Amino acid sequence: MAVFSRCSTAATAAAKPTAAAATFSYLIRALSPSFSSSSSTLDPETDLNRNKPAALGVLKREPKGRNVQWVFLGCPGVGKGTYASRLSNLLGVPHIATGDLVRDELASSGSLSSQLKEIVNQGKLVSDEIIIDLLSKRLEMGEAKGESGFILDGFPRTVRQAEILEGVTDIDLVINLKLREEALLAKCLGRRICSECGGNYNVASIDIKADNGRPGMYMAPLPPPPQCASKLITRPDDTEEVVKQRLRIYQAMTRPVEDFYRSRGKLLEFDLPGGIPESWSKLLRALNLEDHDDKQSAAA
Ligand code: ADP
């Protein structure tokens, strides 16, 4: 209770910020040593609202002018980055992936780098303090550039992170992407990144046969364009052993975050029916953004 109620008080007293611009300083303050860790505020049994959150109605009316504050949840390999990045292009808000912030830090020669390398390459979570510090700096940089709104990907990943975020800003929608378990490992192992442009591709061809009344599922590879083909690299934490560890950690640490947002009526469950061609238009429909059809190609 301590974290959530104290953060809420701090945020309310400061007339709750509505844009990313105002968020970072509260994140830093929320992580000051006087805040202790707790996840006891959760009551996952209350109001398990599986309907569309109310925020979607607002979007339908004013999709362009609104600076959305959204979160993407979902297991490693589900495609959070792919869909968050497309929506970011479509809605004109920054896509902020904490995994990218961690990788940027790893690539730097900063003092944190070697400490992070060990944690990330074992598939473990970075401490809440470090991740919030990285996120705060990213938001601060965005503020300087005049950014507002965000689509967060990979944050929050613990109930404590969710409590802190909820205390300092108004998240209006959390999209929980879900994909059949059989596909997750293969998707992670097939992931490739262009070392030059940073583009994300996937060489896995997933073909799950229909079984016991469950339909089959096909996900085509996402091949790189010719100019990237010879520059592909694999993330060091995308090995079978580490991906399995990340999936276990997701179940233990991040699954409860779904309940956190579900109980607050903010969670939109979205079962991916297949690859991008099958899923993208359905996702837009689920988000009441289907009248952005003409802009769909621009988001790709
Ligand atoms: P994934 O494919 O598992 O979703 P990400 O690219 O989001 O991976 O994150 C890569 C790694 O960065 C994670 O395994 C973890 O070590 C670290 N990380 C990213 N976001 C967080 C977070 N919110 N809290 C703690 N660690 C994080």
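Note that the structure is predicted; figures quoted are calculated from it, not measured. Atoms considered below: every heavy atom in the structure, side chains included; atoms not considered: hydrogens, waters and symmetry mates. First listed ligand is number 1; within each ligand, the first listed atom is number 1.
Close contacts of ligand 1 with Lys80, meaning ligand atoms under 4.0 Å from a residue heavy atom, involve 4 (O). Heavy-atom proximity to Gln161, at under 4.0 Å, picks out these atoms of ligand 1: 22 (C), 23 (N), 24 (N), 25 (C). Shown in contact with Arg103 at under 4.0 Å from a heavy atom are these atoms of ligand 1, numbered in order with element: 6 (O), 10 (C).
Side-chain contact between Met219 and Lys187 is present, with at least one heavy-atom pair separated by less than 4.5 Å. For the pair Leu179/Cys75, no side-chain contact is recorded, criterion being any heavy-atom separation below 4.5 Å from C-beta on. At a threshold of 4.5 Å between non-hydrogen side-chain atoms, the residues Ser88 and Pro94 do not count as touching.
No donor-acceptor pair closer than 3.5 Å links the side chain of Ser148 to the backbone N or O of Asn67.
With respect to atom 18 (N) of ligand 1, the closest heavy atom belonging to the protein is Ile131 CD1, 4.0 Å. For atom 13 (C) of ligand 1, the nearest protein heavy atom (residue, atom name, distance) is Arg157 NH2, 4.1 Å. Annotation: atom 11 (C) of ligand 1 to nearest protein heavy atom, Val120 CG1, 4.1 Å. In this structure, atom 2 (O) of ligand 1 lies nearest to the protein heavy atom Arg246 NH2, 2.9 Å. In this structure, atom 23 (N) of ligand 1 lies nearest to the protein heavy atom Gly154 O, 2.8 Å. Nearest protein neighbour of atom 26 (N) of ligand 1, counting heavy atoms only, is Val126 N, 3.1 Å. What sits closest to atom 20 (N) of ligand 1 on the protein, heavy atoms only, is Thr98 OG1, 2.8 Å.
The pair Glu278-Lys282 fails the salt-bridge criterion, with no side-chain N (NZ, NE, NH1 or NH2) lying under 4.0 Å from an Asp/Glu carboxylate O.
Put simply, Leu112 and Leu135 are part of the same group of oily side chains (I, L, V, M, F, W, Y) that touch within less than 4.5 Å, one to the next. Residue Met253 is not grouped with residue Ile164 when hydrophobic side chains (ILVMFWY) are merged at heavy-atom distances under 4.5 angstrom, including chains of intermediate members.
Looking at Gln122 against ligand 1, nothing comes within 4.0 Å, counting heavy atoms. By the criterion of a heavy-atom distance under 4.0 Å, both the backbone and the side chain of Leu125 are placed next to ligand 1. Counting heavy atoms closer than 4.0 Å to ligand 1, residue Arg191 contributes side-chain atoms (C-beta onward) but none from N, CA, C or O.
Backbone and side-chain nitrogen or oxygen atoms of Asp100 are examined, and none is located within less than 3.5 angstrom of a nitrogen or oxygen of ligand 1. Polar contact check, Lys124 against ligand 1: a nitrogen or oxygen pair lies under 3.5 Å apart.
Side chains of Glu290 and Ser281: a donor-acceptor N/O pair is absent below 3.5 angstrom, by distance only.
Atom CD of Glu182 sits in a crowded spot, with more than 12 heavy atoms from other residues, nucleotides or ligands closer than 6.0 Å.
Under a 4.0 angstrom heavy-atom cut-off, Met253 registers as lying outside contact with ligand 1.
Residue pairs satisfying the side-chain hydrogen bond (donor to acceptor under 3.5 Å, both in side chains) criterion with at least one member in residues 247-258, sequence neighbours excluded, are listed as follows: Asn176-Glu258, Gln245-Arg248, Tyr250-Glu258, Gln251-Arg255, Arg255-Glu258.
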